[in-house]
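Written out below as structure tokens is the structure these notes cover.
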Amino acid sequence: MTSTLDDSEKEKARSVSVDLNNDASLLIDIPDALCERDKVKFTVHTKTTLSCFQKLDFSVPRQHEDFIWLHDTLVETEDYAGLIIPPAPPKPDFESPREKMHKLGEGEATMTKEEYSKMKQELEAEYLAVFKKTVQVHEVFLQRLSSHPILSKDRNFQIFLEYDQDLSVRRKNAKETFGSFFKNMVKSADEVIISGIKEVDDFFEQEKTFLLDYSSKIKDSTAKAEKMTRSHKNVADDYIHISATLSSLSVDDNTALKKHLEKFADLFEKLRKVEGRVASDEELKLTELLRYYMRDIQAAKDLLYRRARALADYENSNKALDKARLKSKDMAQAEEHQQQCLQKFDKLSESGKRELTSFKGRRVVAFRKNLIEMAELEIKHAKNNMALLQGCIELLKSN
Amino acid sequence: MAAEMEPPPLGNAGETDFRELEDGEDLFVSTVTTLEYPEPSSPEPASLPAEDISINSNGPKQKDVSFDDDPEDLFAEATEEVSLDSPEREPILSDGPSPAITPVTPTTMLTPRMDLGARCRIEEDNNGDTFDIHIAVSDPEKVGDGMNAYMGYKVTTKTSMTIFNKNETTVRRRFSDFLGLHSKLASKYLHIGYIVPPAPEKSIVGMTKVKVGKEDLSSAEFVEKRRSALERYLMRTVKHPVLLKDPDVIMFLESSELPRAVSTQALSGAGILRMVNKAADAVNKMTIKMNESDAWFEEKHQQFENLDLQLRKLHASVESLVCHRKELSVNTASFAKSAAMLGNSEDHTALSRALSQLAEVEEKIDRLHQDQAYADFYLFSELLGDYVRLITAVKSVFDQRMKTWSKWQDTQLLLQKKRESEAKLQFANKPDKLQQAKDEIKELEGKVEQGEKDFELISKTIRKEVSRFEKERVKDFKAVIIKYLESLVQTQQQLIKYWEAFLPEAKAIA
């Protein structure tokens, strides 16, 4: 299945986006994508005025693994240690709609044709929603990079955008996954050591405390929000079955109840559409918001850890220097090493402070936008429901 | 105007707009903002079902008994045969002559129905009583301890009808008393074609929890469910013009002491006999091949089979809805707590405040979902459950007719055999045996005649009963549908209120 979003939609989208993709010198988007079984092929489209690129307007096909490769490469780049690397987009996950589709196939015999086709429609919509979400999340990742003053100039990023052959990263990825597994292990060990390190800077002390706590809370909220929106979807699905059976009852009925049942069935069908949108809006505005920032907070934490490691390195180099002075051996070396560590640490601290401050601003703005939009949509849907319900009640009472 | 649904991250690829929904109807036009709706009070879980059910059972305080297809006055038939003085519990309707047509007494009133504004006629029977009775089942109280404990319920009857001794009576009854009442009514009336409303079902699991003294939410829910079901059962029973006048019913409602109905226990002798009879009936049903001469019965039988299937299916779907809505409530509450913690952890003051407000909104919404689940259950689901059981009673009445026919046919066959053997005896020169045969034949002829009358009577009764049943069904469903929709409206109204209160908080994030 392909998804093509026309220009007017994107214009609207960009006008309310939170300072992304505004710089006309480098505009990136994913205008369409193809879904083949499990694999999603994204078309990454770039429009640029920068001279470092060979063309002004070009597109390349990319797979999810290519994005991961780009992300990991950036994380491993020493120079970017002081930056918050935008979190990698999660793997496209069609598990949930696929499972539901399977269950639907099994239950087909127990439903009427109408019921079955409605359920199928719902599922297809769900599939489409997952698909659109994954396109967005991949697009946002690239746009975060392109709007970052330093990261947008990264050579690998440019390769990703431009290289029109297959980025044969799969072999690399195999090594990488092993490597990254190791790295994760080392990182968690680091976490333990580093949270024990005495912080010299108030700002970072506060940030550390905040981020550690917030990270676990937002993880919990994301999971709970997901469960909540899923329950909401279940309720909407039940409405489908109820509507279908009411419809059958109405057809067979030849008493004064016939019209009532018909209208009642009709109402439920309309209600479930609204409920379905309530569920999906909640998912987009709330669950996805939380999910995104959960990952972003992890990226901020990673920055803190890198800085803490640099601090640890610096402290160790101090100790080594003292030792060298005592032994009067290799002092120059030790001094130089110590200077390097200090420099690195200072650089990370400076850049880190900048990044974390702008991160907070970004987060607050995004939460505000989404909470407002969610509340507005909830009100809209509830008013709709009420209109439908009251209309039906009027109709039934007048009969 | 399509809805904008943008994903939360900093940018977005486009709208997840479900185009297929734009089927001419613009669902998202902002409609009535000035709603002239009385501001509903917050529904509390305990009061909502009780209030609604009492209205439901209050329902039409007047009885609509004008049968368009039958000029006979059903009340007349009942008053002819009901004798309040008769001490015995034999079938009250004797095998008497067919009911005579009684003209409706001239003081028929036209009274608007209280709830739906429709009109109905009230027929006055010979006693001058109009149908006016309201029964409430309340105040469940545990009596006794351990496995012999039981739940006692207060049954309050308010009426102006003269067949009752007082205008208001209160008695205490236990569950087996209700079952006993039903058992008696069934034995008296089912086999002559009256649709006797079934009593609520037993529940060993539910009652054991109560006996054991588990004071948790599920026990309380179980007791409330049962209380409500018992109330509906009694109201349905007294709405039946014949059953209302039955001495057992009146005694049940009025007499302070009632002999314990032991025969309703599952493992009693009577219980086992019931099970055996049920099995026998099932076998018989399969073997009786009735020549249906009346297309009406064939048609109705099929109709009720269909209705049964559909109602069961709908009931299952609604039960699923109740379950999912309860889940939604629980998950919303859980999210609310999590959001509160997140708000506490948030270091940006305004956002922290907004998140706390969000948590509060979600907490209120979770209670809203819970209330809606109650309404889903007590209004919608229980109605369907009641009708599934009622239709079982209807089907059994059809079966009784088959049995009556079968009995008649058997008697006829027997008569034929006797005639044949009498013919043989004519030539056998055994005057004693011959006389005996002639006597037997006379007796059988009488029985055949009676069998035919019984069959015709039950057929006629069933026609009337089905007509009455269908009218009740239409009334019940219409009333419940509207009430249920109103509960949905209430929920949406509250949602609007809550989110509108939250919106400025979200906007205040600076």
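Atom set for the values below is all heavy atoms of this structure, side chains included, hydrogens, waters and symmetry mates excluded. Protein chains get the first letters and strands the later ones, always in sequence-line order, with residue 1 at the start of each. Just so it is clear, the structure is predicted and the values come from calculations on it, not from any experiment.
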Discussion item. Ring-plane angle category for B/Phe380 and A/Phe264, please: parallel below 30°, perpendicular beyond 60°, tilted otherwise.
Written reply: tilted
Discussion item. Quick one: does any side-chain atom of A/Thr222 pair with a main-chain N or O of A/Ile218 as donor and acceptor, under 3.5 Å?
Written reply: yes
Worksheet item: Is chain B contacted by the side chain of A/Asn254, its backbone, both, or neither, given a heavy-atom distance below 4.5 Å?
Response: side chain
Practice prompt. Let me know if A/Thr110 has heavy atoms under 4.5 Å from chain B in its side chain, its backbone, both or neither.
Written response: backbone
Discussion item. Between B/Glu327, B/Lys507, B/Arg325, who has the most heavy-atom pairs with chain A when the cutoff is under 4.5 Å?
Written reply: B/Lys507
Response to the item:
Assert top hit (heavy-atom pairs under 4.5 Å, partner chain A, pool B/Val318, B/Leu351, B/Leu485, B/Leu309) equals B/Leu485
Discussion item. Is A/Glu226 in contact with chain B via its backbone, its side chain, both, or neither, using a 4.5 Å heavy-atom distance?
Written reply: neither
Worksheet item: In residues 334-345 of chain B, which residues are in contact with chain A at a heavy-atom separation under 4.5 Å?
Response: B/Ser334, B/Phe335, B/Ser338, B/Ala339, B/Met341, B/Leu342, B/Ser345
Item to complete: For the residue pair A/Phe359 and A/Tyr293, categorise the inter-ring angle as parallel (less than 30°), tilted (30 to 60°) or perpendicular (more than 60°).
Response: tilted
Worksheet item: Closest approach of A/Ala279 and A/His232, non-hydrogen atoms and distance?
Response: CB-CB, 3.8 Å
Practice prompt. Check whether B/Glu346 gets within reach of chain A through its side chain, its backbone, both or neither, counting any heavy atom under 4.5 Å.
Written response: both
Item to complete: Of all the heavy-atom pairs spanning A/Lys360 and B/Asp347, show the shortest one and how long it is.
Response: NZ-OD2, 2.6 Å
Worksheet entry | Closest non-hydrogen atom pair between A/Pro86 and A/Phe141, with its separation | O-CE1, 3.5 Å
Response to the item:
In short, A/Asp296 meets A/Arg362 closest at the heavy-atom pair OD2-NH2, 3.5 Å
Worksheet item: Does the side chain of B/Asp366 pick up a donor-acceptor pair with the side chain of B/Gln370 at under 3.5 Å?
Response: no
Discussion item. Taking every non-hydrogen pair under 4.5 Å, which of A/Leu271, A/Val235, A/Asp213, A/Ile242 racks up the most with chain B?
Written reply: A/Ile242
Worksheet, complete the sentence: Assert top hit (heavy-atom pairs under 4.5 Å, partner chain B, pool A/Leu249, A/Leu261, A/Leu257) equals A/Leu257
Fill in: Modelled atom types, side-chain donor and acceptor of A/Asn385 and A/Glu275, under 3.5 Å
yes
Worksheet item: Are side-chain heavy atoms of B/Gln310 and B/Leu314 found at a separation under 4.5 Å?
Response: no
Worksheet item: Would you say B/Glu500 has more than 12 foreign heavy atoms packed within less than 6.0 Å of its CD?
Response: yes
Fill in: Side-chain donor or acceptor of A/Ser243 paired with backbone N/O of A/Ala265 under 3.5 Å
yes
Discussion item. Under a 4.5 Å cutoff for heavy-atom pairs, which residue among B/Leu311, B/Leu321, B/Val474 has the most contacts with chain A?
Written reply: B/Leu321
Fill in: Contact residues of residues 354-362 of chain B (partner chain A; heavy-atom separation under 4.5 angstrom)
B/Leu355, B/Leu358, B/Glu362
Discussion item. Other residues, nucleotides and ligands only: do more than 12 of their heavy atoms fall within 6.0 Å of NZ on B/Lys300?
Written reply: yes
Discussion item. I'd like to verify something: which residue of A/Arg368, A/Lys217, A/His260 has the highest number of heavy-atom pairs under 4.5 Å with chain B?
Written reply: A/Arg368
Worksheet entry | Among A/Leu396, A/Val364, A/Ile240, A/Asp220, residue most engaged with chain B (heavy-atom pairs, under 4.5 Å) | A/Val364
Discussion item. Please determine whether side chain to side chain donor-acceptor pair (under 3.5 Å) holds for the pair B/Thr491 and B/Gln372, giving the CA-CA distance in whole Å, both sets of side-chain angles, and the decisive distance to 0.1 Å.
Written reply: CA-CA 7 Å; B/Thr491 301; B/Gln372 185 58 60; 2.5 Å; yes
Discussion item. Can you confirm whether the side chains of B/Gln494 and B/Tyr498 place a donor and an acceptor under 3.5 Å from each other?
Written reply: yes
